[in-house]
Trainee: 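What follows is a structure written as structure tokens; I'll ask about it next.
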Amino acid sequence: MLALASRDLRISFRQPGEVLTPAMFFVLVTTLFPLGLSPQPELLRTIAPGVVWVAALLAVLVGQESLFKSDYEDGSLEQLVLSPMPLPLVAITRVTSHWLATGLPVVVLAPLMGLLMDYPTQAMGCLVLSLLLGTFTLSLLGAVGAALTVGLRQGSMLMPILVLPLAVPVLIFGAHAVAQAANGEDPSGVLYLLAAFLVLGITLAPFAIAAAVRVSLES
Amino acid sequence: MLALASRDLRISFRQPGEVLTPAMFFVLVTTLFPLGLSPQPELLRTIAPGVVWVAALLAVLVGQESLFKSDYEDGSLEQLVLSPMPLPLVAITRVTSHWLATGLPVVVLAPLMGLLMDYPTQAMGCLVLSLLLGTFTLSLLGAVGAALTVGLRQGSMLMPILVLPLAVPVLIFGAHAVAQAANGEDPSGVLYLLAAFLVLGITLAPFAIAAAVRVSLES
Amino acid sequence: MTLEARSLGLWRVERCLCRDLSFRLGSGEILQFAGPNGSGKTSLMRAVAGVGRLDEGELFWEGNPATRSDGYRTDLLYLGHQTGLKSHLSATENYLFYQSIAGYSSEIGAKEALGRCGVTEPADRPVATLSMGQRRRAALARLLGVKAKLWLLDEPLTSLDTEGVGLVSQLLKSHVKGGGMAILATHQLLPGIEAQRLELGGKA
Amino acid sequence: MTLEARSLGLWRVERCLCRDLSFRLGSGEILQFAGPNGSGKTSLMRAVAGVGRLDEGELFWEGNPATRSDGYRTDLLYLGHQTGLKSHLSATENYLFYQSIAGYSSEIGAKEALGRCGVTEPADRPVATLSMGQRRRAALARLLGVKAKLWLLDEPLTSLDTEGVGLVSQLLKSHVKGGGMAILATHQLLPGIEAQRLELGGKA
Amino acid sequence: MDKYSWAWFHRFASPPYVYRVAELWAPWFAWIAGLLIAAGLYGGLWSSPPDYQQGDGFRIIYIHVPSAYLSMMCYGIVATASTIGLVWRMKIAHTVAVAAAPLGASFTFLALITGALWGKPMWGAYWVWDARLTSELILLFLYLGFIALSRAYEDSRSGDRAGAVLALVGVVNLPIIHYSVVWWSSLHQGSTKFFGGNADIQTSMLMPLLLMIFGFTCLFAACLAKRVQLELLGRERNAAWAAEAVR
Ligand code: HEM
Ligand SMILES: Nc1ncnc2c1ncn2[C@@H]1O[C@H](COP(=O)(O)OP(=O)(O)OP(=O)(O)O)[C@@H](O)[C@H]1O
Ligand SMILES: Nc1ncnc2c1ncn2[C@@H]1O[C@H](COP(=O)(O)OP(=O)(O)OP(=O)(O)O)[C@@H](O)[C@H]1O
Ligand SMILES: [Mg+2]
Ligand SMILES: [Mg+2]
């Protein structure tokens with residue numbers, strides 16, 4: 001496990017490009033909006049939670065899309081499948097290290113973006129927390145999609161279609177929580193729900209990913 | 001040229017996946033917003049132009065990112081460089097056929113998305129026209145970025161950074177035009193500007209792309 | 001220690017690559033999949049390794065079904081057309097990684113193993129900067145770093161120079177002398193290796 | 001019709017692959033780049049083809065600098081490690097495409113060319129479903145479809161079976177008999193092909 | 001005993017057998033469906049009075065609710081079949097799943113359309129970004145995803161299993177759809193209390209509705225049987241039994 005995690009992280013740092021894409025992307029989406037809209041502050045403030053969350057969702061999906069691609073192409077995916085480690089464990093490790101390199105930056109950047117859209121500072125905590133829970137769940141979902149589509153010649157478009165239906169609830173609740181916090185209400189209820197999603201994801205996704213990887217390799 | 005174009009288009013149709021990704025993406029971004037925000041119609045109406053344009057920009061960039069990647073990896077890029085056809089011509093053909101397969105669907109879907117965010121129907125014409133001009137310009141820009149970064153091991157993140165500064169004006173003017181049309185003003189002035197951008201792009205980009213491809217191959 | 005295949009069958013859409021194919025491999029033996037291009041060597045190899053789809057038949061490792069025994073995976077080392085090297089990591093890093101996730105790893109260090117495979121100077125450069133042959137050699141180094149009883153080598157000689165070919169056959173020799181077994185798929189002949197051949201059907 | 005290289009030099013970061021390397025190739029001649037893995041054959045081949053970076057020296061095609069003459073590109077056919085086949089298109093489509101963008105294309109149809117290269121049944125499947133050898137054969141078919149004076153073949157024998165090797169040497173023979181010229185980089189020897197060898201520096 | 005039961009199991013799972021069973025049942029389901037739906041329509045469109053607030057608009061419920069409910073039940077079937085296929089490596093189960101998915105998709109689509117049409121008079125808009133509406137839309141996407149994925153592999157042996165994995169992952173969405181009305185404050189109707197003392201729906205409406213629901217279910221069963229047959233023929237196209245089945 002550790003060996004795998006360290007390998008993944010090392011690779012990530014070797015190609016800052018691939019890794020920072022999601023963060024890039026996140027910043028991009030959130031900054032482009034004020035540019036696209038005529039930026040009245042109060043308008044920005046109302047849409048901030050939605051924008052930030054949508055941006056995060058997109059960023060994660062974009063990041064996950066190629067999660068297993070290079071491993072598949074250079075043949076190291078088969079080697080991982082053949083390794084004595086239980087595949088679901090491999091999967092969760094892979095996702096976690098990838099999230100550390102791609103998802104975490106997004107979460108870290110979120111407050112900054114929040115400030116840009118003058119999102120109330122006292123609610124930042126909720127923003128970060130919700131993203132922390134949400135992005136990881138999304139990474140897990142994305143990983144399932146990526147694993148299912150990596151073997152396909154038709155390419156990766158399917159992936160968003162497959163993942164989105166499951167990702168939307170996370171988005172809705174996440175944005176909801178952030179909005180609540182912004183209006184000074186107590187978001188803990190929704191946050192618990194997000195946490196529940198995460199737990200569900202962590203327990204089920206690894207097996208789905210493992211199965212999907214097997215199928216993709218066999219095709 | 002024709003041979004190349006038909007090849008590219010055929011490949012595109014073979015992998016609806018890769019091709020429809022941008023359209024997917026466009027639909028995704030535009031539909032996720034209403035979900036992320038609390039969907040009051042009037043709010044949606046105000047932000048519709050910005051959302052649609054930002055979505056289009058992102059879609060195009062996402063689509064261009066891998067424009068030369070597969071050609072580079074399977075060695076057909078070198079073959080194109082070696083072919084007697086002048087490289088800039090090859091480049092523009094490549095971009096055009098790629099735009100037909102990726103950018104055009106976005107333009108076609110735009111009115112639909114506009115309806116979902118109930119964007120005034122009489123302004124649809126301007127929306128479509130502005131996107132028609134804009135997305136092609138963006139494709140050209142994206143292609144330059146893609147050509148510059150295809151050889152890099154550090155991966156493709158650089159691409160958005162390189163392209164964005166040039167893309168932002170297009171975005172701003174495009175969204176501006178659409179907003180004007182929505183408020184019943186006459187957007188023709190801005191549209192002319194977009195057209196000017198496009199002409200500039202078509203004349204200069206091919207040479208930039210050709211040079212960039214040569215550099216990437218030699219690295 | 002035996003690998004036994006009972007009436008294997010492989011299908012690609014309509015096309016039957018092989019059916020009702022059985023073989024038995026004891027320790028110290030080498031089996032070579034032979035056949036023209038497209039006869040199904042790679043597919044069969046992948047199926048035997050457990051990464052490819054096996055449509056019919058079953059594999060037995062030391063008597064019990066290979067699919068359900070983890071023992072099989074720990075005892076097996078598969079080296080296919082794709083080398084499984086990460087192009088961003090150096091040959092050394094790749095070697096150490098595979099050594100660390102292996103079932104049983106040998107004590108041979110990266111420097112020695114890569115050196116014996118003729119990857120000295122480039123050992124610490126990203127694999128992406130290596131030449132084809134150097135990559136293949138870096139991949140072969142795994143054979144030294146991992147203690148596997150069964151080697152599955154699909155065209156191990158690709159883009160190796162004559163000296164590299166010698167290296168492979170010498171590795172194989174010592175492996176079988178140590179009681180290991182191996183399955184090969186190659187079109188070139190390996191000097192001084194006698195293997196039982198399994199002919200696969202002609203190209204469609 | 002001659003290809004002349006004057007004191008070529010190739011560098012990778014600090015490392016010098018070759019320097020002050022000159023050769024001359026007349027019609028009907030074959031030049032083989034020889035050398036151990038990593039000696040710089042591929043790099044040199046790419047440089048000569050004009051897709052790789054050439055750090056020193058210059059190439060002359062029929063007397064005038066190759067870099068500036070379009071004639072060179074129309075007269076040349078380069079087949080490298082990557083075959084340049086689009087994996088989504090069938091072998092036939094790939095063949096026709098390369099024929100259509102070539103400087104001078106022969107009249108040989110896809111079916112015949114691919115048939116002669118032994119790609120019959122899989123000719124209309126996406127290349128991605130072909131075996132390694134079949135892909136290589138599909139790529140080699142270009143040699144029949146395009147009328148190029150100068151062939152640059154980098155390891156054309158990769159994953160070909162013995163019959164495929166025979167095919168390549170036979171193609172080469174007829175090419176040089178027709179006054180063509182070729183540069184090869186391969187580790188296996190081609191039966192019945194005599195080529196002047198250009199030894200590249202030992203592996204670092 | 002054990003042997004025997006397995007033999008029986010395999011005979012049951014063998015394509016020709018399933019094909020014949022489907023052949024047998026399809027017409028029965030079709031007829032029953034026809035009768036129930038006819039009765040339901042009569043009861044719904046003529047004998048029951050117009051709603052005091054919605055006028056005749058509410059009658060669309062007789063299409064909307066059955067199709068909405070079927071859209072979910074069908075997904076349940078797909079998921080179950082997929083599970084069986086994955087766990088016991090039963091091809092036939094995959095066949096059922098693949099055959100059922102398009103039906104489910106069309107019922108979902110029907111629910112969406114009817115709902116949208118109904119929404120115009122009720123909420124003044126064809127579409128609102130409401131929880132249940134959204135999740136139903138998502139269900140449609142799930143179906144499309146499943147269909148696309150299992151078709152994406154040219155080798156059905158692989159496509160089946162890929163689709164199955166997706167179907168299982170997607171099961172999470174069912175409770176979300178059903179409870180969406182409870183979780184989010186929603187424009188959409190809450191789960192109706194059909195029976196009991198203070199049922200919020202009168203018998204004159206309930207009876208036809210139930211008739212329609214059962215009718216649709218039978219219709220679905222009939223279509224499924226037919227589609228399974230088609231799928232089987234397609235997959236076993238060069239098997240002996242298929243040849244004589246179509247003769
Ligand atoms: C596009 C719009 C709509 C969609 C996607 C939709 C979706 C659904 C779904 C999925 C169900 C089944 C819920 C379940 O079985 O748990 C349902 C039931 C129902 N819908 Fe809709 N609906 C829509 C519009 C409407 C409208 C406008 C009305 C009328 C005001 C309506 C009235 C009902 C009723 C009465 C039920 C049965 C309640 C129950 O037992 O759950 N729907 N709808
Ligand atoms: N989708 C498909 N439809 C039909 N045939 C297929 C499909 N996919 C693969 N094949 C065929 O199955 C065979 C698999 O070849 P495989 O790679 O196993 O051969 P091989 O013996 O390794 O060949 P080589 O010596 O060239 O490596 C090939 O003939 C290929 O054409
Ligand atoms: N960035 C770099 N730094 C140092 N050396 C490099 C770099 N990139 C490539 N090289 C070296 O340059 C040489 C290029 O090898 P090339 O592929 O030309 O060899 P080759 O003769 O084709 O080998 P093979 O027979 O294995 O194909 C290799 O030895 C490689 O290690
Ligand atoms: Mg092979
Ligand atoms: Mg080489």
Side-chain angles (χ1 to χ4, degrees), chain A residues 50 88 91 137 140-173 175-176 179-180 189-190 192-194 196-201 203-219, chain E residues 71 75 79 82-83 85-87 89 94 104-105 108 129-180 182-186:
Chain A
T137 319
L140 286 164
L141 288 175
V144 178
L148 275 172
T149 51
V150 68
L152 289 180
R153 230 173 317 114
Q154 277 76 348
S156 46
M157 170 203 60
L158 270 175
M159 192 269 207
I161 304 189
L162 304 183
V163 173
L164 216 63
L166 303 164
V168 164
V170 180
L171 169 71
I172 293 179
F173 284 115
H176 189 55
Q180 278 187 322
V190 185
Y192 282 130
L193 208 53
L194 282 177
F197 282 160
L198 179 55
V199 173
L200 198 69
T203 43
L204 298 186
F207 297 94
I209 299 173
V213 166
R214 283 233 163 74
V215 173
S216 300
L217 277 178
E218 288 189 354
S219 77
Chain E
S71 69
Y75 194 87
S82 300
T83 323
L86 274 184
V87 176
R89 288 183 160 266
H94 288 305
T108 314
W129 289 104
D130 160 278
R132 171 165 277 177
L133 276 57
T134 309
S135 49
E136 184 74 355
L137 190 62
I138 286 171
L139 184 62
L140 181 63
F141 282 144
L142 263 181
Y143 276 120
L144 295 184
F146 178 89
I147 296 169
L149 187 60
S150 46
R151 294 257 179 289
Y153 292 83
E154 79 259 48
D155 207 332
S156 68
R157 297 175 188 82
S158 304
D160 286 345
R161 315 199 29 226
V165 174
L166 177 65
L168 289 189
V169 175
V171 171
V172 187
N173 197 42
L174 288 189
I176 296 181
I177 299 179
H178 190 75
Y179 295 110
S180 52
V182 187
W183 288 346
W184 294 284
S185 59
S186 165

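None of these values were measured; they are calculated from a predicted model. Both backbone and side-chain heavy atoms feed into the values below; hydrogens, waters and symmetry mates do not.
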Trainee: What pairs with A:Q180 under side chain to side chain donor-acceptor pair (under 3.5 Å), at least two apart in sequence or on another chain?
Mentor: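 By the side chain to side chain donor-acceptor pair (under 3.5 Å) rule, A:Q180 matches no residue at all.
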Trainee: Please classify the contact between E:V172 and chain A as side chain, backbone, both or neither, with a heavy-atom cut-off of under 4.5 Å.
Mentor: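 Only the side chain of E:V172 comes within 4.5 Å of chain A.
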Trainee: Please name the pair of heavy atoms, one in E:V165 and one in A:A211, separated by the smallest distance, quoted to 0.1 Å.
Mentor: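 For E:V165 and A:A211, the tightest heavy-atom pair comes out as CG2-CB, 4.0 Å.
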Trainee: Working to the nearest 0.5 Å, report the span between CG of E:L142 and CG of A:L166.
Mentor: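 So the gap between those two atoms works out to 5.5 Å.
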Trainee: Checking E:S156 now: which residues fulfil side chain to side chain donor-acceptor pair (under 3.5 Å) with it, not counting sequence neighbours?
Mentor: none
Trainee: Measure E:L166 against the heavy atoms of chain A and call it side chain, backbone, both or neither at under 4.5 Å.
Mentor: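 Answer is both: backbone and side chain atoms of E:L166 are under 4.5 Å from chain A.
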Trainee: Answer with side chain, backbone, both or neither: which region of A:L204 has an atom nearer than 4.5 Å to a non-hydrogen atom of chain E?
Mentor: neither
Trainee: Might you point out which heavy atoms bring E:A162 and A:V215 nearest each other, and give the distance in Å?
Mentor: N-CG1, 3.6 Å
